[in-house]
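Just below is one structure, and these are the notes that go with it.
This one's a predicted model, so the numbers in the text were calculated from it and none came from an experiment.
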Amino acid sequence: VFWLATLASPAQISEKAFEKWHQNKYSMFIHFGLYSELGGVWEGNPVTRGYSEQIQSFAGIFSDWYGDTALRFNPTLFDADAIVSLAKEAGMRSIIITTKHHDGFCMFRTATTDYNSYDATPGKRDFIKEMAEACKRGGINFGIYFSLIDWHFPQAYPISSHNCDFITPQHHEFTKAQVTELLTNYGPISELWFDMGSNTPEQSKELYQLVHRLQPDCMVSGRLGNDQYDFSVMADNTYPEGSLQTAWQTAASMFDETWSYRSWQKRGDVHTKAMEKLRSLINVVSHGGNFLLNIGPKGDGSVVPFEREVLKEIGIWLKKNGEAIYGTEASPFREQFEWGTITRKGNNLYLILSFRNARILNGMAVSAPPILKTLKTKDMIAKTILQQIGGKRFTAMTGSRDFIDMGNGLRMSLARNKTSANRLDIIYDEGADLYNMRFYRRTFSKKTFECKTKDIAVHEGIYFDMLEEMFTV
């Protein structure tokens, strides 16, 4: 759980499937299992050590005592369709749910063991089937989490303090059988989120090839190990300081202390938490990654009201400003800016402001915005920021195309856009050092073409569109 997958191994999935996964940007993670019934409590006392989904380990619960929890695990309020509706309202593009966590209890009907939600509980339900079908009805991607360690399987290594146990040959065959069931019985799987364990290189390769043989377009997480992956995964609740040269994802829980439901968790203010997670989403996307935000339903299957409201508030912002998130790429600048960050989509750059306190930009006071709103580039704050991050001013451009000497043998030509009177394009000579460019301001004065004090954003590609809007958090 605490490592970053090594960057290597070219993906075997189709470009179309990869692009869909990469452009979705924001997904729901669900930790739901036998541990949800306990809610972080054992024998009447809160278990304060470790994640609550690993309560069997951290509370030192005998396997048969823990297994008896299944006799009362009957989550009648679990509603897959309602969860899909919540994910969509929150702006999430896919759902990934735990099929089996480290405790080995399967949330799907399986022929490999009776330690599952259909055979061992009063409700006799296959929750993976319910979620898969609900996602299909709701038009949202469906993915699954699968633990590579299993504290219930007799031929597996016993519980350890680090969860990086080696996988025995018998356990590996057991894993292959369960993965085959999951990839055969539940329709299209957008990603398979392997977790923990220490596979041999041969075991990792065999599982990776098995996944792509059964479902060629299923993205495999880097925690499979040994450079067998389609996307890398950061350590839990961890964020990079720069862009990574691979497809990657950050998985985040509502609270760093746990992923599954914890009945005694101090949750605080909804708006504060929503802003925290929204800033995390923006941070990840601006560095080129995808964001996977977790919820932990209660033992009765219901979504914690606090978590529901947090997701809804993030969804309100995304409904208005999602253009700056979905389908975007990392900021072209290596620098980190105090005022916020940048994302890119095609020819457009988006400046996302995250003022937390009053700041001074070039002598101009900027107060923290009281509400989420969109700023046009004509706004003085936008102009001030564009000047702050570097930029030269060129004026009196009178022709439809003029050449500017940028130095180092680089010439840039400025051409008006034929489809929009409010947009300009920049064409650069091939071989230009784009990372040494910044924002350039132009003033045009021509009866047939007026574009005064407009700001033009520069990034990789042949054409660059002017920055239209700035989004504020």
Side-chain angles (χ1 to χ4, degrees), residues 1-27 29 92-94 96 141 143 145 164 190-196 199 201 204 208 211-212 217-253 256 276-294 324-337 340-346 348-352 354 433-436 459-461:
V1 175
F2 308 102
W3 51 277
L4 171 63
T6 308
L7 312 183
S9 185
Q12 297 181 5
I13 63 169
S14 68
E15 183 177 350
K16 181 179 180 180
F18 170 78
E19 284 300 321
K20 184 176 182 180
W21 179 90
H22 180 61
Q23 291 175 10
N24 282 344
K25 292 302 175 186
Y26 181 38
S27 301
F29 210 0
M92 294 162 154
R93 298 293 178 86
S94 65
I96 292 85
N141 286 347
Y145 167 105
C164 293
S190 62
E191 68 182 81
L192 206 168
W193 220 91
F194 287 112
D195 193 24
M196 299 315 299
N199 280 322
S204 293
Y208 183 79
V211 172
H212 286 294
D217 288 337
C218 177
M219 296 282 288
V220 175
S221 77
R223 293 190 183 184
L224 178 58
N226 298 300
D227 298 342
Q228 300 295 314
Y229 72 97
D230 297 311
F231 66 95
S232 178
V233 178
M234 298 292 292
D236 296 355
N237 292 293
T238 301
Y239 306 90
E241 296 181 356
S243 300
L244 304 180
Q245 301 305 309
T246 187
W248 65 276
Q249 180 190 77
T250 279
S253 52
D256 290 356
E276 173 195 328
K277 295 307 175 184
L278 179 54
R279 290 189 177 100
S280 296
L281 165 64
I282 293 167
N283 177 31
V284 168
V285 173
S286 70
H287 289 108
N290 286 21
F291 190 57
L292 184 61
L293 181 58
N294 181 77
I325 299 296
Y326 304 118
T328 61
E329 301 294 339
S331 167
F333 303 106
R334 294 190 178 103
E335 302 95 325
Q336 303 294 315
F337 303 111
T341 190
I342 299 173
T343 61
R344 176 182 66 88
K345 182 190 296 180
N348 299 312
L349 294 181
Y350 301 94
L351 274 63
I352 306 176
S354 57
D433 183 3
L434 298 175
Y435 282 106
N436 287 329
H459 186 56
E460 294 172 281

Exercise. For the residue pair Thr343 and Ile352, establish whether any side-chain heavy-atom pair is separated by less than 4.5 Å.
Key: yes
Practice problem: Let me know which of Arg344, His22, Gln23 forms a side-chain hydrogen bond (donor to acceptor under 3.5 Å, both in side chains) with Glu329. | Solution: His22
Quiz item: Looking at Val220, Asp227, Leu224, which hits side-chain contact (heavy atoms from CB on, under 4.5 Å) with Ser204?
Solution: Leu224
Quiz item: Checking Asn283 side chain against Arg279 main chain: does a donor-acceptor pair fall under 3.5 Å?
Solution: no
Quiz item: Any sub-3.5 Å donor-acceptor pair from Asp236's side-chain atoms to Asp256's backbone N or O?
Solution: no
Practice problem: Starting from the C-alpha separation in whole Å, work towards a yes-or-no answer on side-chain contact (heavy atoms from CB on, under 4.5 Å) for Gln249 and Ser232. | Solution: CA-CA 6 Å; Gln249 180 190 77; Ser232 178; over 6 Å; no
Practice problem: With rounding to the nearest 0.5 Å, note down the distance linking CG in Asp230 to SG in Cys218. | Solution: 8.0 Å
Quiz item: Looking only at atom types and distance, does a side-chain atom of Ser94 sit under 3.5 Å from a main-chain N or O of Ser27, one as donor and one as acceptor?
Solution: no
Quiz item: Short question: side chain of Ser221, backbone of Phe194 - any donor-acceptor pair under 3.5 Å?
Solution: yes
Self-check item: Asn237 side-chain N/O to Ser253 backbone N/O, donor-acceptor pair under 3.5 Å
Solution: yes
Quiz item: How long is the gap from CD1 on Ile342 to OG1 on Thr328, to the nearest 0.5 Å?
Solution: 12.0 Å
Quiz item: With a 4.5 Å heavy-atom cut-off, do His287 and Thr341 have their side chains touching?
Solution: no
Quiz item: Do other residues, nucleotides or ligands put more than 12 heavy atoms under 6.0 Å from Lys20 NZ?
Solution: no
Quiz prompt | Given Trp21, Phe18, Trp248, the one that forms ring pair (Phe, Tyr, Trp, His ring centres under 6.0 Å) with Phe231 | solution = Trp21
Exercise. Ignoring hydrogens and angles, tell me if any N or O in the side chain of Arg223 forms a donor-acceptor pair with the backbone of Met234 under 3.5 Å.
Key: yes
Self-check item: Check against side-chain hydrogen bond (donor to acceptor under 3.5 Å, both in side chains), Asn141 and Ser190
Solution: CA-CA 6 Å; Asn141 286 347; Ser190 62; 4.8 Å; no
Quiz prompt | Interatomic spacing from SG in Cys164 to CG in Asn199 - rounded to 0.5 Å | solution = 11.5 Å
Self-check item: Whether Tyr145 and Trp193 hold their rings parallel, tilted or perpendicular, with breakpoints at 30° and 60°
Solution: parallel
Practice problem: Without swapping roles, check the side chain of Lys25 against the backbone of Arg93 for a donor-acceptor pair under 3.5 Å. | Solution: no
Quiz item: Can you say whether the rings of His212 and Tyr208 are parallel (under 30°), tilted (30 to 60°) or perpendicular (over 60°)?
Solution: perpendicular
Quiz item: Roughly how far, to the nearest 0.5 Å, is CG of Leu293 from OG1 of Thr250?
Solution: 11.5 Å
Quiz item: Quick one: are Val284 and Asn290 in side-chain contact, heavy atoms under 4.5 Å?
Solution: no
